[in-house]
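Worksheet: the structure to be examined is printed underneath.
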Amino acid sequence: DISSAMNLLQQGKLPSKTVLVTFDDGYKDNLTLALPILKKYSVPATIYITTGFINRESILWWYEAEFIMSRTNNVRFNYQGKDYYWLIQTSDDRQQAIEKLSKLIKVMTFNEQISVMNQLRLLINDKFDYSAEFLTWKELQELDKEPLITIGAHTQNHPCMRILDSQTLMEELLQSKQ
């Protein structure tokens, strides 16, 4: 696992051509696609879980933003008193709008992300359900029984950690670990 490898690295005992395999967030394909390959080649891996995704409490804003923008030609929302508007007429317009939104939203707090995504959801008459993208707790327990797999804590809500104050950062990490 990662902590064992880091200890070996610090002691200067890690072989020079070492690879550490990790997966972030707890996507279902860690079980359905990655595990069979890892087992076939006897490769250990660590999966870092974003528990809010497993609990179906957090938003996967980057998936949902693409979904919404593929179904509208006018993106409009307000953030911190500023109105944002993007007219989407071409696939390049759509990609540029997604990139602009991503730059903006990835440095927002979780509650700000929720607020913006709620505004964007009103633009379409379709609901995006990404719950099937993530492991369930039962599937996570199944993975945890695998000798090649180590489960690690990521965060609770997948925030941009560099913008968090130290208390919120500790809460994110501790909630995920718990």
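FYI, the numbering just counts along the sequence from 1. Only this structure's heavy atoms are used, side chains among them; waters, hydrogens and symmetry mates stay out.
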[X]: what forms a side-chain hydrogen bond (donor to acceptor under 3.5 Å, both in side chains) with it, not counting sequence neighbours?
{"X": "E64", "result": "R121"}
{"X": "D25", "result": "T50, H154, H158"}
{"X": "S176", "result": "none"}
{"X": "D129", "result": "S131"}

For Q89, side chain to side chain contact (heavy atoms under 4.5 Å, CB included) partners two or more places apart: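 In terms of side chain to side chain contact (heavy atoms under 4.5 Å, CB included), with neighbours along the sequence ignored, Q89 is linked to L87, D93.
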
Non-neighbouring partners of A45 that pass side chain to side chain contact (heavy atoms under 4.5 Å, CB included), sequence neighbours left out: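 Testing A45 for side chain to side chain contact (heavy atoms under 4.5 Å, CB included), a comparison that skips the adjacent residues, returns V21, F23, L38, I149.
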
Ring pair (Phe, Tyr, Trp, His ring centres under 6.0 Å) partners of residues 131-152, not counting sequence neighbours, each pair once: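 Output for this query lists Y27-F134, F53-F134.
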
Run the ring pair (Phe, Tyr, Trp, His ring centres under 6.0 Å) test against [X] and tell me which residues pass, sequence neighbours left out.
{"X": "Y130", "value": "F128"}
{"X": "W86", "value": "F77"}
{"X": "F110", "value": "none"}

Between side-chain atoms of residues 100-109 and protein atoms elsewhere (two or more places apart, or another chain), which donor-acceptor pairs fall under 3.5 Å?
{"unit_1": "S102", "atom_1": "OG", "unit_2": "I98", "atom_2": "O", "d": "2.9"}
{"unit_1": "T109", "atom_1": "OG1", "unit_2": "E112", "atom_2": "N", "d": "3.2"}
{"unit_1": "T109", "atom_1": "OG1", "unit_2": "E112", "atom_2": "OE1", "d": "3.3"}

Salt bridge (Lys or Arg N to Asp or Glu O under 4.0 Å) contacts touching residues 65-81 (sequence neighbours left out):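 Residue pairs passing salt bridge (Lys or Arg N to Asp or Glu O under 4.0 Å), neighbours aside: R71-D126.
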
Taking every non-hydrogen atom, the tightest pair across T155 and P159: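 Heavy atoms of T155 and P159 come nearest at OG1-CD, 3.7 Å.
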
